[in-house]
**Q** 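Shown below is the structure under consideration.
Small disclaimer: the values here were computed from a predicted structure and weren't measured. The sequence lines fix the lettering, A, B, ..., with proteins before strands; numbering per chain opens at 1.
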Amino acid sequence: MPELPEVETIRRQLCAAGVEGRTIEKVHIEWPRTVEPLTPSVFCKQVQGRQLEKIDRHGKWLIFRLDGKENLLVHLRMTGGFYLTQGALKEGKHDRAILQLSGGLNLHFRDPRKFGRWKLESDVVGHASRIRERVSDDGHKLSEYREDCPTIVGLGPDALTVTKAEFFQSLEGQNKVLKALLLDQSFVAGVGNIYADEALFEARLDPRRKSGSLSDAEKLTLYKAVTKVIKAGVRNGGTSLGDGQGNYVDLNGEAGGHREKVKVYGRAGQPCVVCGHPLHKTQIAQRTTVFCTHCQK
DNA sequence: GAAGACCTGCTA
DNA sequence: TAGCAGGTCTTC
């Protein structure tokens with residue numbers, strides 16, 4: 001369920017809650033496949049006693065930078081999420097893993113569908129120097145600063161910080177159906193089904209179009225649309241939709257505020273906010289896709 | 001490119 | 001009770 005804005009929201013909340021800098025005193029693995037291919041006992045042995053120095057993100061992966069060699073990479077997949085408790089450990093119903101941190105703070109990984117994954121990796125993490133933005137609570141840009149960010153090998157540039165030049169370079173030589181391309185994490189990392197549909201609507205591009213058919217102007221429009229919807233999602237604290245148990249909630253159990261901003265995803269049959277024609281629902285790249293056949297060309 | 005696998009729980 | 005879900009990986 002969570003895409004980049006939801007993961008980024010969780011990352012910021014974990015930082016704000018003071019998780020960084022704490023030592024991992026004890027690890028509990030309740031669902032062994034969460035840490036595959038390691039066994040829970042090997043995983044615990046490698047992580048216990050390490051300091052959690054910093055929390056980063058690349059695409060939909062959270063990167064817990066530990067002292068020493070490896071980093072802990074967490075992918076929430078469809079239903080993963082974190083919450084914090086203080087003091088005596090009380091296991092929640094869908095908890096799959098728990099980190100007991102110094103100072104009595106417990107970091108619970110809740111994941112009803114058990115798709116989430118925790119990996120210990122040293123060699124897949126590289127570094128990139130990036131321009132980051134400081135943003136106020138109401139979403140206004142305060143300033144820019146340069147930061148050394150870990151990058152996961154095999155993932156494309158992060159959808160929140162991707163530059164126009166990187167985006168165009170990533171498009172080079174591609175000729176994929178646009179919907180499939182946006183979902184391809186090696187193209188741009190962090191876009192999932194919701195934001196792919198929203199970005200294509202924002203760009204007024206037909207999701208069935210091939211990327212090779214885009215003019216330079218359309219490529220630029222797509223770049224602006226992707227970064228715009230991702231940034232809007234982050235600003236609003238993520239999206240959650242009122243269907244099914246996969247509903248995203250943040251660290252505090254709050255639903256994402258981006259829900260009301262969604263223009264096409266989950267609105268099949270309802271009128272397009274631009275032209276009023278009913279929105280069309282279909283399958284593209286084996287994923288539910290909603291778009292306006294009238295506005296998106 | 002497409003289908004199946006991994007999973008649970010909510011909705012129709 | 002069947003069908004469906006925001007993600008990714010493996011196997012045709």
**Q** Would you list the protein and nucleotides 10-12 of chain C atom pairs, both N or O, that sit under 3.5 Å from each other?
**A**
none

**Q** Of the options C:dG6, B:dG9, C:dT8, whose atoms approach the side-chain atoms of A:Q185 most closely?
**A**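 For the A:Q185 side chain, the nearest candidate turns out to be C:dT8.
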
**Q** By the 4.0 Å heavy-atom rule, please label A:K176 as base, sugar-phosphate, or nothing.
**A**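 The residue A:K176 makes no contact with any strand.
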
**Q** Who passes side chain to side chain donor-acceptor pair (under 3.5 Å) against A:Q283, sequence neighbours left out?
**A**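 Residues passing side chain to side chain donor-acceptor pair (under 3.5 Å) with A:Q283: A:T288.
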
**Q** Counting Watson-Crick and G-U wobble pairs with both distances under 3.5 Å, what is the dot-bracket string for DNA chain B, 5' to 3', using [ ] for crossing pairs and | for pairs to another strand?
**A** ||||||.|||||

**Q** Rounded to whole Å, please give me the gap between CH2 in A:W61 and P in C:dG7.
**A**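 Taking CH2 of A:W61 and P of C:dG7, I get 14 Å after rounding.
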
**Q** Are A:Y265 and C:dG6 close enough that a side-chain N or O sits under 4.0 Å from OP1 or OP2?
**A**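 Checking A:Y265 against C:dG6: at least one side-chain N or O falls below 4.0 Å of OP1 or OP2.
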
**Q** Expressed in angstrom and rounded to an integer, what is the separation of A:Q283 atom CD from C:dG3 atom C1'?
**A**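 To the nearest whole Å, that distance equals 13 Å.
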
**Q** Quick test of your reading of the model: are A:D197 and A:K263 salt-bridged, counting only N-O distances below 4.0 Å?
**A**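 No, A:D197 and A:K263 are not salt-bridged.
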
**Q** P atom, C:dT8 versus B:dC10: distance in rounded Å?
**A**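 Result for the P pair: 23 Å, nearest Å.
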
**Q** List, by chain and number, the other hydrophobic cluster members for A:V290, where Ile, Leu, Val, Met, Phe, Trp and Tyr join if side-chain heavy atoms come within less than 4.5 Å, directly or indirectly.
**A**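 Answer for A:V290: A:F201, A:V264, A:V273, A:V274, A:L279.
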
**Q** Test of understanding: with side chain to side chain contact (heavy atoms under 4.5 Å, CB included), list the residues that count as partners of A:Q169, not counting sequence neighbours.
**A**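 With neighbours one apart ignored, the set is empty.
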
**Q** Salt bridge check, A:D206 against A:K297: does any charged N sit closer than 4.0 Å to a carboxylate O?
**A**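 Judged by the 4.0 Å cut-off on N to carboxylate O distance, A:K297 and A:D206 do not form a salt bridge.
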
**Q** Got a list of side-chain donor-acceptor pairs under 3.5 Å for residues 183-190 of chain A, not counting sequence neighbours?
**A**
from	atom 1	to	atom 2	distance (Å)
A:D184	OD1	A:S186	N	2.9
A:D184	OD1	A:S186	OG	2.7
A:D184	OD2	A:K176	NZ	2.8
A:D184	OD2	A:S186	OG	3.4
A:Q185	OE1	A:G190	N	2.9
A:Q185	NE2	A:L183	O	3.1
A:Q185	NE2	A:V191	O	3.0

**Q** Dump every N/O contact between nucleotides 3-6 of chain B and the protein below 3.5 Å, one line per pair.
**A**
from	atom 1	to	atom 2	distance (Å)
B:dC6	O3'	A:R33	NH1	3.1

**Q** How many whole angstroms separate atom CD of A:E3 from atom P of C:dA5?
**A**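 Interatomic distance, CD of A:E3 to P of C:dA5: 14 Å.
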
**Q** Distance check needed: C:dG6 C1' versus A:E198 CD, whole Å only.
**A**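 The answer, rounded to whole Å, is 12 Å.
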
**Q** What is the distance, to the nearest angstrom, from the NE2 atom on A:H75 to the C1' atom on C:dG6?
**A**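 Computing the A:H75:NE2 to C:dG6:C1' distance gives 11 Å.
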
**Q** Between A:K54 and A:D56, is there a side-chain N and carboxylate O pair less than 4.0 Å apart?
**A**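 Answer for the salt bridge query: yes.
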
**Q** Can you pull the salt bridge (charged side-chain N to carboxylate O under 4.0 Å, His left out) pairs that have at least one residue in residues 18-33 of chain A, sequence neighbours excluded?
**A**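 Pairs touching residues 18-33 of chain A that pass the test: A:R33-A:E36.
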
**Q** Side-chain heavy atoms under 4.5 Å apart, restricted to Ile/Leu/Val/Met/Phe/Trp/Tyr: what other residues fall into the cluster of A:Y83, or is it alone?
**A**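 Hydrophobic cluster check, A:Y83: no partners found.
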
**Q** Could you measure between the two P atoms, the one in B:dA3 and the one in C:dA5, and give it in whole Å?
**A**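 Nearest-Å result for B:dA3 against C:dA5 at atom P: 15 Å.
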
**Q** Report yes if a side-chain nitrogen or oxygen of A:T79 is closer than 4.0 Å to either non-bridging phosphate oxygen (OP1 or OP2) of B:dC7; otherwise report no.
**A**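 Checking B:dC7 against A:T79, no side-chain N or O comes under 4.0 Å of OP1 or OP2.
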
**Q** C:dT8 phosphate, OP1 or OP2: any side-chain N/O from A:K60 under 4.0 angstrom?
**A**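 A:K60 to C:dT8 OP1/OP2: side-chain N or O found under 4.0 Å.
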
**Q** Do the side-chain N or O atoms of A:H94 get closer than 4.0 angstrom to the phosphate oxygens (OP1, OP2) of B:dG9?
**A**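 Affirmative; the distance criterion is met.
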
**Q** For residues 4-55 of chain A, pull every pair meeting ring pair (Phe, Tyr, Trp, His ring centres under 6.0 Å), keeping only residues two or more places apart or in separate chains.
**A**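 Applying ring pair (Phe, Tyr, Trp, His ring centres under 6.0 Å) to every pair that reaches into residues 4-55 of chain A, excluding sequence neighbours, yields nothing.
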
**Q** Take atom P in B:dG4 and the same atom in C:dG3, then report the distance between them in whole Å.
**A**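 My reading of the P atoms in B:dG4 and C:dG3 gives 14 Å.
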
**Q** Could you list all the side chain to side chain donor-acceptor pair (under 3.5 Å) pairs where at least one residue sits in residues 266-281 of chain A, not counting sequence neighbours?
**A**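 Every pair satisfying side chain to side chain donor-acceptor pair (under 3.5 Å) with a residue in residues 266-281 of chain A: A:R267-A:Q270.
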
**Q** Expressed as a whole number of angstroms, how long is the span from A:M78:CE to B:dG9:C1'?
**A**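 Taking CE of A:M78 and C1' of B:dG9, I get 12 Å after rounding.
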
**Q** Rounded to whole angstrom units, what separation is found between the OH atom of A:Y195 and the P atom of C:dG6?
**A**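 About 14 Å, once rounded to whole Å.
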
**Q** What's the gap between B:dG9 and C:dC9 when it is taken at their P atoms, as a whole Å value?
**A**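 Result for the P pair: 24 Å, nearest Å.
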
**Q** Does the pair A:E70/A:R50 count as a salt bridge with the N-to-O cut at 4.0 Å?
**A**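 A salt bridge links A:E70 with A:R50.
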
**Q** Determine the interatomic distance between C1' on C:dG6 and the same-named atom on B:dG1; round to the nearest Å.
**A**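 Comparing C1' positions in C:dG6 and B:dG1 gives a spacing of 22 Å.
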
**Q** With sequence neighbours excluded, tell me which residues meet side chain to side chain contact (heavy atoms under 4.5 Å, CB included) with A:K210.
**A**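 A:K210 satisfies side chain to side chain contact (heavy atoms under 4.5 Å, CB included) with A:N175, A:V177 only.
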
**Q** Write down the distance between CZ (A:F109) and P (B:dC7), rounded to a whole number of angstrom.
**A**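 Roughly 13 Å, once rounded to whole Å.
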
